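The next block holds one structure in the form of structure tokens; read it before the comments.
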Amino acid sequence: MNTLGLLRRNFDHGVHPAHLKKQTEDLAIQRVPFVSHYVMPLGQHIGVPCRPVVKVGERVGRGQLIAEPGGFVSTALHSPVTGTISEIDDFRGADGQFAPAIQIEADPYATQQPDSSAGIDWRSLSLEAFIGEVQKAGIVGMGGAAFPSHVKFSVPDGIKIRHLLINGAECEPYLTNDHRLMVERPEDLLMGAEIVRQKLGAEETIIGVEMNKPEAIEILQRHIQPGQPVRVVPLKVKYPQGAEKMLIKTVFDREVPAGQLPRDVEVSVNNVGTIVAIADYFLRGLPSIERIVTVSGPGASYPANLIVPLGTPVREVLRFCGGLKDETREVIMGGPMMGRPTASLDVPVLKGTSGILAFTEAETARPKEYPCIRCARCLEACPYFLNPSRFARLARARMFDEMEQYSVMDCVECGCCTFACPSHIPIVQLIRTGKDALRNRKEKPE
Amino acid sequence: MDNLVWIFISSLLINNFVLAYFLGLCPFLGVSNSLETSFRLGLATIFVLLITALCSWFLNTYVLIYAPYLRLISFIVVIASTVQFIEMLIKKLSPALFRAMGIFLPLITTNCAILGLAIFATNRGYGLIEGIVFALGAGIGFTLAMVLLAGLREESELSDIPKLIQGIAMNLIIAGILSMAFMGFAGLFSAV
Amino acid sequence: MAENQNESYETFFRGIWRDNPVFVQVLGMCPMLAVTNSAINAVAMGMATLFVLVGSSFLVSSFKQWIPKQVRISAFIIIIATFVTVADYTLLALVPKVHKELGAFIPLIVANCMILGRQEAFASRNTVRLAVLDAMGMAGGFMVALFSLGAIREILGNGSLFGVDLFGEHFEPWVIMILPPGGFLTLGLILLFFNWVTQQKDKFIEQVAEAERVASDG
Amino acid sequence: MKQKDPDLLLMHAPLLRQGMTTPGAMRDVIYALTPVTLAALWFFGLGALLVLGASIAGAVLTEWFFALAQKRGESLLDASAILTGLLLGLTLPPGLPIWMAFLGGVVAIGLGKVIWGGLGHNLFNPALLGRAFLLATFPIPMTTWTPLRGSESFFHVSASNLALPFMQAKVDMVSSASPLGLMKFEQEVTPLTNLMFGNTLGSLGETSGVLLLLGGIYLWIRRDLDWRIPVSIMLAVVVFSGCLTLVDAVRFPSPLFSIFSGGLLLGAIYMATDPVTSPLTPRGTWIFGIGIGALVVLIRVFGGLPEGVMYAILLMNAATPLIDRYTQPRIFGR
Amino acid sequence: MSEDKTPDAPAVSSTRLVLTLALAGLISGVAIIGIYEATLPTITINKARELREAVFKVVPGVTRMQKLVYKNGELVSTTETEKDEEPIYGGYDDEGGFIGYAIPGAGPGFQDVIGLLYGYKPDQKLVIGMEILESRETPGLGDKIYKDAEFVANFKELSVEPEIVTVKKGQKSEPNEVDIITGASISSKAVVRIINETHTVWSTRLPQPGSEPLMTESEKTVDEAK
């Protein structure tokens, strides 16, 4: 079975959207200049929001801690810029909801040198200390979900991580930020991976890269030292190859049982960006204050891969790339499959913002919706082998309990079903309605 | 032997009690909204039908040849007491099942399928074995029709069936379509 | 007395339309569908049902004081079965051809939920007069349903009504109508039509009420 | 310089869609049926056109009428009514009075689609429902197979086509049995080449096996068709009829004959695969197909009717909710 | 099932319950026996007439008949009906001369059981008439087995030697062949099969031609005029 799995090297189902990475895949990462103000929401990650440790009017340095973790599933926040705290208040986020955030006025005359530039002696750290450092550095999953990395590394007793799996799949169309990282900073990536591997005590590191990034595969392979326990595994190009359970299925031919985590099959999956951020912190003392963002899409005047300080308003990032074309109708934060649209260009770039995509009429025009003809394409697309067609019908009939019976909670909203639906039914939204209804019901028993 | 096969196939498919003889329509139209209940009711009906076949054979052989005019009354009394017995049995063995079927259990008594079986078996002069095969075919056929209809009804609950049609009218139309589909079985095993 | 008259009238006509046992209460389906492949069979079945229902309602309401509640269902069934047997033999003696056509469905009148239902719900709680009127109304309603179904099925399925050819010899009969599926489909469509009429009526009543309200408000 | 923001929409991801659309799929099926339709016209002449036209007209007018009545509108654009009418027409005998074909179209849409709530909600194949209704209603005209046009002019229309509404068809020629009827009642085997190229009696669309297969391949390439269904139906037919042939080769037809005769190919490729009425799950589609194959062989060989494809598909349509329910795919990680 | 209603029902002794039911049973029994006795003569006459008409139809020329059963290896006349017996009918002319048998048969048809009666002349080994008594065949198709005069005519003079076979319509050339009905082959073949099967059973039971049971006097008197 295992050999067969290796030969097959794939997960079942999934879809094949066009790659659309040509525009940006060869563009070197550029740094976005500092702008006048930054907004740092306190809840940029999954889990409890952080607690501010600064006051309005206080001067902060770039990389200085401005908010501490609000709990275990929470992480620290650092100032992306040298300047003054101008406001701590509710700001409107990309989803249109208000949420607390710290606004920082940049000091136009500051050097913007990071606060500390000394690395950390990671070799002497215990696992607990290492995990503490990762939390202190504010590092979260950079693939888009923004799950605090230190939580991922905290493995309960009795479970041993044997494989460190680095996710360089980047299966979302348009996005090339991970690709550029792998091409431009292979040493940092490998070093960061080595740090994590040693600290977790894993036996080997596997870097999974989709085959549409041959350059990245080649460069990584070239940089692996002889004897280093690192393998680069080329992956079939298929969406959602980058979903961690799919990646594990592809690489190890093992299914993570429903309701469990990768660690339950002795794997830790981390995004390329996360690993580089870890390298930045332990080698150079740089906490999570900036990230790589791909600006692309038909509505972007000059697509680019950019280093963007967190908190930079999307408007400023876009302005740096020549602004939006007139025909732009929608701006998506993240990839086109799972990203969220933003209502305003004043929202900031967050830790989980992998891309800023501008779309025009052609992409946003919704063809007329037809009734479901039960063609089963969504079933063939769903990587979790769910029955999206049924979910959509049940959600329309408001039969949420039946949805639960059909395991709607296993859905990760990857969007394959909606992508594949020839009747253009917004299946993912319908599923979300059902999930929300079920969650609300759970919160208010009876 | 051939005869038995034909009796079975005929009562199961060709002359399905529900779809061709219209027997047992009350539960067919009433209870078939849930697959689970339909199936259980079907099983209960098969059981009652088998008992009925036994009873009616007994009555036919030992009582009715002397008093043919008592046919209807004696069938009813015997069947009603059998059902009463089944009801008590189910209540005792599976309270959940009893709850699931609730008011429909007494309905089995007035289920025309039961009485119909007894009358058809008498009219056709079936013996004991033939009667049991007939009851088995009829019961399985009834369950089959019930389960098919229940499946279709559950599925059609997700459909946009116009308000006007929902309910009994729709069930009758589905039953008509099923009945039409079952016409394909006509002549099965009689032509060879 | 006038009120009483009104009540009797109401009791009788309720069964024909508003509480029609077939179209509204959806009872007595088995004979309904099985014997309505021709109008004559439908009418014969209707007559037999009328006889049984009226007879047993009369008996039940007459003797209601003497029937203990615990055994009422059994007593009702015995009464009904007696009348059915009587009807069965009478039909067999008088019109053997029709009896042959109706076959097993005459004895199955016993299993018609409508008859037992009327005993339980009405005859055992009302005076003899009302019980008989109700029985006649219900049986009348049942007959109306039987007849309309039988007529439609015979006209389309055989091109005739009561055996009288309607369309000449070149008419292509709709065989399905006298087969089982035709029974289901026709009754389904009649119910649909009934629903539609009721809906339109409700709408109309609503509109009238609305108009009155507006008028009185104004 | 302050740039003016565009009015941003909030369309939810995924923003990318694959190219296929539902009406497109319907149109593809119509394209795939074009050669078969043309062959029917070639073999049976203008009469075939009248029958097809009448059934399509019946279907489309009914759809249009109810769309107006329910104020739904636009439902004609998805071409599904045309497809239903065309499929129904292809299953009708060439000499059928056109009023019956029209009625079939009306019933197919009315009973097969509208009352269920329209496209996607019906649980039985509308075209086959229309045909089943016609077969039960007019058993004689529906089993009267007019011979091929032969040397007759294309414009010759059989008088039976033109029977007045509600009136009987005048049979103006000696009708003969279809290949299946010949097999069943006379043990007479029609040559396979005739079956494959349509040189036999039968319904309009079922005569030419090769063209039906070609259309199926087109649909398969266009990914409009769940290949499992036709494949499993044919496999089941081959296996079951093969076993019977081994028992008695004279009484039971050969597997190849079974596949190419009657409506099997038309049914397996275009009717059973109707996504609306076939199971969703891959395992379910196998059960569905095998069930149809088994029922076809059962009805054809042991039943009273020469042909059972239509009934087999309708019966399995009825079982589809059950199949779907018990073949839910194993969820990832469970 | 009336458990939940018991509380508000007045307490009644079980003796009274049983008595009530017994009384109801008694009354109903009396009523049923009454109607049975009242209608029995008519019903018997009706049935006898129906049977006689059928027998007279399938064995032309018959004016009198009697019921025959196969008992202890020979065919004897009887008037009693016993269970599990399969009677046939002997047809005679006014002088009591034997004409032919009327033999009932039944078997599965296209839809349901077909019951029929056929006339048989043992000396010529010919079927001389056939009447369908019971069938639910498809109207317009299968019901042609009794509605189609051409088909019924097949059985006016049909040899059972070696057995009856069916041929395509219009191809009848031998005395033992039957033209099947186009479109109703199953039903027409079923009729032939039923006759064949019944004949196989009875051919060994019937006595030698010429030694048929004689018409008994008792039957003669019951016989009414047509």
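All of these numbers come straight from a predicted model, not from anything done at the bench. Chain letters run A, B, ... following the sequence lines, proteins first, then strands; residues in each count from 1.
- A 4.5 Å side-chain heavy-atom check between Phe133(D) and Ile177(B) finds every atom pair outside the cut-off.
- Residues Trp116(D) and Ile174(B) meet the side-chain proximity criterion, which asks for heavy atoms closer than 4.5 Å.
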Assess the residue pair Tyr311(D) and Met180(B) against the criterion (side chain to side chain contact (heavy atoms under 4.5 Å, CB included)); give the C-alpha distance rounded to whole Å, side-chain angles, the decisive distance to 0.1 Å, and a yes or no. CA-CA 8 Å; Tyr311(D) 289 115; Met180(B) 211 147 77; 5.7 Å; no

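- Two residues are said to be in side-chain contact when any heavy atoms from C-beta on lie closer than 4.5 Å; Ile115(D) and Ile173(B) meet this criterion.
- With contacts defined as side-chain heavy-atom distances shorter than 4.5 Å, the pair Leu322(D)/Leu35(B) qualifies.
- Shortest non-hydrogen contact noted between Ala318(D) and Leu178(B) is CB-CD2, 3.6 Å.
- At a 4.5 Å heavy-atom cutoff, the contact between Leu158(B) and chain D is made by backbone atoms alone.
- Ile129(B) CD1: 12 or fewer foreign heavy atoms inside a 6.0 Å radius.
- For the set Leu314(D), Leu129(D), Leu295(D), the count of heavy-atom pairs under 4.5 angstrom toward chain B peaks at Leu129(D).
- Distance check: Thr320(D) OG1 to Glu155(B) CD gives 9.0 Å after rounding to the nearest 0.5 Å.
- Atom CZ of Phe185(B) is separated from atom CG of Leu298(D) by 6.5 Å, given to the nearest 0.5 angstrom.
- There is no contact between Asn122(D) and chain B, counting heavy-atom distances below 4.5 Å.
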Between Glu154(B) and Arg325(D), does a salt bridge (Lys or Arg N to Asp or Glu O under 4.0 Å) hold up when you go through it step by step? CA-CA 10 Å; Glu154(B) 283 197 352; Arg325(D) 197 175 160 118; 2.4 Å; yes

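- Of all heavy-atom pairs between Pro321(D) and Gly151(B), the closest is CB-O, 3.4 Å.
- Residues Leu152(B) and Leu123(D) approach most closely at O-CD1, 3.3 Å, considering heavy atoms.
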